[in-house]
Amino acid sequence: VYQPQINSVDYTVWGAEALLRYNSPDKGTIPVFDVITILEQSGLIKKVGLWVLDKALEQCAKWRKVLPNFHISVNISYGQFEDDDIVDKILDSVSLHKVSGTALTLEVTESMELHTYGKLNKVIEELQYVGIEFSVDDFGTGYSSLSRLKELNVDEIKIDQCFVSGIQKSVYNYRLLNNMIEWANKCDIRVCCEGVEQKEELSVLETLYPQVLQGFLFDKPISSKDFTEIYIDATCDRYKKNI
């Protein structure tokens, strides 16, 4: 499924984050945490991760025919970085679907303990060479510091929902988020605020100027068909010219 990411300047669609969901014939929708845990414990996370990347890039190629600057964000796991040929696999997928490297952002979670994983630097450098960007998801909840992120040369940080939720009521979160965004801007790092659910939160965020917004206020993760009808195909009755 795909959750829209919104340009905070004009509220048009910046892109989408590709998210994995599993619906069991017997048990219905399985919690995401349970699915990821099973994939990691079984060792299937590597194959499934590449499958998600392939499907996301295939869909992105279709959407970019209508919106040439459309971006797709895909999560990449710690396990995938263990493969020596991970760079080749990612580049092969990009080449297969004939999309520009600049269309793809790879998201790594801050809980990966980025500051202890030296191999990541080399992977980032090789993929950034063709325009692929890197984002740190759940920023502010893990182990990295602002200085470490500068060393990693990431392109984006995604501010975790815990800092966005109820920000209109928290002076502490407002000041903290303001400092994060100011620092990121000075380092030329894009900021995406995720978990935006209330109009009051959005009103506050508009004063802080993050570049990208994401959350249920705009839309939940939806199928590629629904995404196309609502955000891509202007001939559909469901199409939203802007958010």
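- The one candidate from D219, D226, D233 that meets the salt bridge (Lys or Arg N to Asp or Glu O under 4.0 Å) condition with R238 is D226.
- A donor atom on one side chain and an acceptor atom on the other are found under 3.5 Å apart for T12 and D10.
- Taking Ile, Leu, Val, Met, Phe, Trp and Tyr as members and joining any whose side-chain heavy atoms lie under 4.5 Å apart, directly or through other members, the hydrophobic cluster of V1 also contains L19.
- When all heavy atoms of L205 and P210 are compared, the pair lying nearest together is O-CD, 3.2 Å.
- Every residue was checked against the side chain to side chain contact (heavy atoms under 4.5 Å, CB included) condition with K169, not counting sequence neighbours, and none meets it.
- Under the salt bridge (charged side-chain N to carboxylate O under 4.0 Å, His left out) criterion, R190 pairs with E133, E156, sequence neighbours left out.
- Summarising the geometry of R64 relative to S100, their closest heavy-atom pair is NH2-CB, 4.1 Å, with the distance given to 0.1 Å.
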**Study point:** Pair F227-V13, side-chain contact (heavy atoms from CB on, under 4.5 Å): steps then yes or no
**Key:** CA-CA 11 Å; F227 197 102; V13 175; 4.3 Å; yes

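- A distance of 8.0 Å separates CD of Q5 from CZ of F70, quoted to the nearest 0.5 Å.
- Crowding of K55 atom NZ: a count of heavy atoms from other residues, nucleotides or ligands under 6.0 Å not exceeding 12.
- In terms of heavy atoms, T102 sits closest to H71 at O-CD2, 3.6 Å.
- Pairs passing the ring pair (Phe, Tyr, Trp, His ring centres under 6.0 Å) check and including a residue from residues 21-54, sequence neighbours excluded, do not occur.
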Exercise for review: Evaluate side-chain contact (heavy atoms from CB on, under 4.5 Å) for R21 paired with V32, printing each intermediate quantity in order.
Suggested key: CA-CA 7 Å; R21 296 292 184 266; V32 177; 3.2 Å; yes

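- Within the 4.5 Å cutoff, the side chain of D160 has heavy atoms near those of the F163 side chain.
- In this view, K220 and F216, I222 satisfy the side chain to side chain contact (heavy atoms under 4.5 Å, CB included) rule, not counting sequence neighbours.
- Shown here for S224 and Y2, the closest heavy-atom pair between the two residues is CB-CE1, 3.8 Å.
- Residues Q3 and E194 have side chains that never bring a donor and an acceptor to within less than 3.5 angstrom of each other.
- A side-chain contact (heavy atoms from CB on, under 4.5 Å) with I181 is found for exactly one of I189, V191, L176, namely V191.
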Return a table of donor-acceptor pairs under 3.5 angstrom between the side chains of residues 84-94 and protein atoms on other chains or two or more places apart.
residue : atom : partner : partner atom : Å
D84     : OD1  : K119    : NZ           : 3.3
K89     : NZ   : D83     : OD2          : 3.4

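- Here the CG atom belonging to L202 is positioned 11.0 Å from the CD1 atom belonging to I167, to the nearest 0.5 angstrom.
- Put simply, the side chain of N185 does not reach to within 4.5 Å of the side chain of Y209, judged on heavy atoms.
- Taking OH of Y11 as the reference point, atom NZ of K240 lies at 14.0 Å (rounded to 0.5 Å).
- Taking a cutoff of 4.0 Å between a charged side-chain nitrogen and a carboxylate oxygen, K122 and E126 qualify as a salt bridge.
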Practice item. Before giving the answer on side-chain contact (heavy atoms from CB on, under 4.5 Å), spell out for S165 and E201 the whole-Å C-alpha distance, their side-chain angles and the decisive distance to 0.1 Å. Key: CA-CA 7 Å; S165 180; E201 294 167 354; 4.1 Å; yes

Point to revise | Derivation and outcome, side-chain contact (heavy atoms from CB on, under 4.5 Å), residues Q128 and D155 | key: CA-CA 9 Å; Q128 283 180 330; D155 303 282; 2.9 Å; yes

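- The side-chain hydrogen bond (donor to acceptor under 3.5 Å, both in side chains) test applied to K225 returns E229, not counting sequence neighbours.
- Partners of R175 under the salt bridge (charged side-chain N to carboxylate O under 4.0 Å, His left out) rule, at least two apart in sequence or in another chain, do not exist in this structure.
- Remark: K65 pairs with no residue by the side chain to side chain contact (heavy atoms under 4.5 Å, CB included) rule, at least two apart or across chains.
- What you find for P4 and Y231 is that their closest heavy atoms are CG-OH, 3.8 Å.
- Atom CG of L208 sits about 5.5 Å away from atom CG of N178, to the nearest 0.5 Å.
- More than 12 heavy atoms of other residues, nucleotides or ligands sit less than 6.0 Å from atom OH of Y239.
- Atom CG of N121 and atom CG of N153 lie 8.5 Å apart (nearest 0.5 Å).
- Across every non-hydrogen atom of Q59 and T228, the tightest pair is NE2-OG1, 4.3 Å.
- Residues F134 and Y129 share a single hydrophobic cluster, defined by chaining ILVMFWY side chains whose heavy atoms lie under 4.5 Å apart.
- A search for salt bridge (charged side-chain N to carboxylate O under 4.0 Å, His left out) contacts involving E125 returns nothing, not counting sequence neighbours.
- Residues satisfying the side chain to side chain contact (heavy atoms under 4.5 Å, CB included) criterion with S8, sequence neighbours excluded, are L213.
- Counting side-chain heavy-atom gaps under 4.5 Å among Ile, Leu, Val, Met, Phe, Trp and Tyr, the cluster of W14 also holds V212.
- For the side-chain contact (heavy atoms from CB on, under 4.5 Å) with S73, the lone residue among E17, Q214, K158 that qualifies is E17.
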